[in-house]
2 protein chains.
Amino acid sequence: MNEIKKDNTEDKILKAAKTIFIRKGMEGARMQEIADEAGINKALLHYYFRSKQKLFEAIFVNLLTQIFPNITTLLLSDKPIEEKIGLFIEKYIDMLLQNPYLPAFVLKEINRDSDFFEKTFSNRKIDLNLIFNMLEKEMEAGNIRKMNPRDIMANLLAMCIFPFAAKPMLKLLLFGENHQQYDQFLEERKSTIKEFVLNSIVLPKS
Amino acid sequence: MNEIKKDNTEDKILKAAKTIFIRKGMEGARMQEIADEAGINKALLHYYFRSKQKLFEAIFVNLLTQIFPNITTLLLSDKPIEEKIGLFIEKYIDMLLQNPYLPAFVLKEINRDSDFFEKTFSNRKIDLNLIFNMLEKEMEAGNIRKMNPRDIMANLLAMCIFPFAAKPMLKLLLFGENHQQYDQFLEERKSTIKEFVLNSIVLPKS
DNA sequence: AAAAAGATTAACCAAATGGTTAATTCTTGT
DNA sequence: ACAAGAATTAACCATTTGGTTAATCTTTTT
């Protein structure tokens with residue numbers, strides 16, 4: 001992706017590990033496969049990262065810290081709430097369209113070793129309280145319906161992420177044998193989710 | 001669960017395999033562990049089911065055919081649409097509360113070997129077209145907002161299933177260190193999802 | 001009761017896999 | 001040029017694991 005660097009081995013390993021781990025998961029990935037993908041000897045993996053677990057953690061932590069914070073900030077801008085939510089959905093779905101394997105990978109791994117996940121990310125901020133406060137202020141102002149802001153957040157994430165994480169199943173359920181339509185369906189959800197949410201929570205201007 | 005049977009070995013195996021497979025997944029489960037859980041010798045597993053794959057398929061197919069059809073039928077009853085959707089959500093969440101590991105397990109496995117999943121369940125009906133027709137009729141009648149019925153279905157499933165599948169993450173995001181509140185949150189979603197959906201799609205009676 | 005068939009087990013096997021080691025090649029500071 | 005340190009590799013190792021086998025125990029059939 002980036003220039004300047006020549007052929008930094010550590011980066012080659014990280015890139016290869018990211019590819020393989022996301023495709024196969026921690027348990028499904030083979031060290032040999034990662035070495036092959038990076039074009040190096042397997043022993044080098046252990047030379048740079050002590051163990052498979054250490055290598056995996058490097059990938060996983062990097063991936064998660066990269067995903068979360070970027071998109072949530074936009075919910076704290078000073079745009080009107082409808083626009084903020086609309087933009088959030090668009091950006092989030094765009095990110096998922098570019099990383100379609102991420103949801104299944106993350107769900108698999110947080111459930112495989114939830115202790116590690118919690119230990120690693122309990123400190124690492126990702127504090128949604130500011131967002132919850134913002135939503136509650138909008139409720140006080142009568143701009144959106146009063147409800148638990150956690151439900152708004154859960155529903156937003158669910159509707160955005162689930163169709164990617166459950167793709168093989170939803171594809172079959174919604175379109176039967178006609179698979180190809182599913183990608184278009186995902187693309188269109190940028191607007192359909194927006195409509196669905198705003199219709200539910202936005203109150204008419206009095 | 002059932003009486004009458006004495007100590008049918010095949011059932012003991014199936015029950016043990018179900019427990020272990022759901023907890024650890026196909027890749028994470030060990031044949032020895034299943035044998036231990038069933039209180040039998042490992043070779044017996046291969047005596048009754050030829051291979052790990054065969055045993056897994058028996059569990060997986062049984063699990064999925066059991067889950068789906070029951071709950072969808074109620075969407076085709078002749079109750080008013082609000083009530084049908086409300087009941088669907090309640091029943092579905094109740095089922096998930098009783099099988100909290102199911103979503104993560106199913107998502108993991110359909111993504112691990114989506115070909116097998118598609119091959120096995122493409123015939124096996126689970127045809128939602130009747131439900132889509134029903135929803136479209138309600139739209140024609142002006143009872144609910146016009147939209148792609150597939151989005152309704154996707155959103156319903158997403159909002160119900162995702163909080164179970166992503167529990168370790170959502171728990172942290174929504175409640176920080178105060179974990180224990182999450183189960184109550186899940187319970188309450190029976191009513192909050194209902195509100196959220198109905199507010200979005202039900203049109204006021206003219 | 002004897003034989004045949006079925007169920008169960010302990011011991012074993014081959015392949016896969018994460019990890020190590022000792023030797024070799026490459027880079028760099030002097 | 002050369003020694004020291006870093007990078008890289010081929011070969012190896014120990015463990016895990018799905019699966020097999022041959023023998024033993026149990027049940028059914030005749």
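Heavy-atom basis, side chains included; hydrogens, waters and symmetry copies ignored.
- Atom pair B:D36:CG and C:dA10:P shows a separation of 11 Å (rounding to whole Å applied).
- Listed candidates were C:dT20, C:dG19, D:dT20. Nearest to the side chain of B:A43 is D:dT20.
- Across the protein-nucleic acid pair, B:Y47 atom OH and D:dA22 atom C1' stand 14 Å apart, rounded to whole Å.
- For the OP1/OP2 pair of D:dA7 and a distance below 4.0 Å, the side-chain nitrogens and oxygens of A:T9 include no atom meeting the criterion.
- No donor-acceptor distance shorter than 3.5 angstrom exists from the side chain of A:K24 to the backbone of A:R30, with no hydrogens or angles considered.
- DNA chain C is contacted by both B:N41 and A:S51; B:N41 maps to the nucleotide lying nearer its 5′ end (nearest heavy atom per residue).
- Computed from coordinates, the A:E10 CD to D:dT8 C1' distance equals 15 Å when rounded to whole Å.
- Between the NZ atom of A:K42 and the P atom of C:dG18 there is a distance of 7 Å, given to the nearest Å.
- With A:Y182 as the aromatic partner, A:R189 does not meet the cation-pi criteria of under 6.0 angstrom to the ring centre and within 45 degrees of the ring axis.
- The residues B:D183 and B:K171 are annotated as not salt-bridged, no charged nitrogen and carboxylate oxygen being separated by less than 4.0 angstrom.
- Rounded to whole Å, atom C1' of D:dC13 lies 15 Å from atom CD of A:Q32.
- In this structure, the NE2 atom of B:H46 is 6 Å from the P atom of D:dT20, given to the nearest Å.
- Ring centroids of B:F21 and B:F105 are separated by 6.0 Å or more, keeping the two rings apart.
- A salt bridge does not link B:K54 with B:E57: every distance from a Lys NZ or Arg NE/NH1/NH2 to an Asp or Glu carboxylate oxygen is 4.0 Å or more.
- Within the nucleic acid shown, A:F49 has no heavy atom closer than 4.0 Å to any nucleic acid atom.
- Relative to the side chain of B:L44, the nucleotides D:dA10, C:dT8, C:dA10 differ in distance, and C:dT8 lies closest.
- For B:R30, a side-chain nitrogen or oxygen approaches OP1 or OP2 of D:dG18 to under 4.0 Å.
- Among the protein residues, A:A35 comes within range of no part of the nucleic acid, since none of its heavy atoms lies under 4.0 Å from any strand.
- Atom C1' of nucleotide C:dA16 and atom CD of A:E27 are separated by 15 Å, given to the nearest angstrom.
- Between B:I34 atom CD1 and D:dG19 atom P there is a gap of 11 Å when expressed in whole angstrom units.
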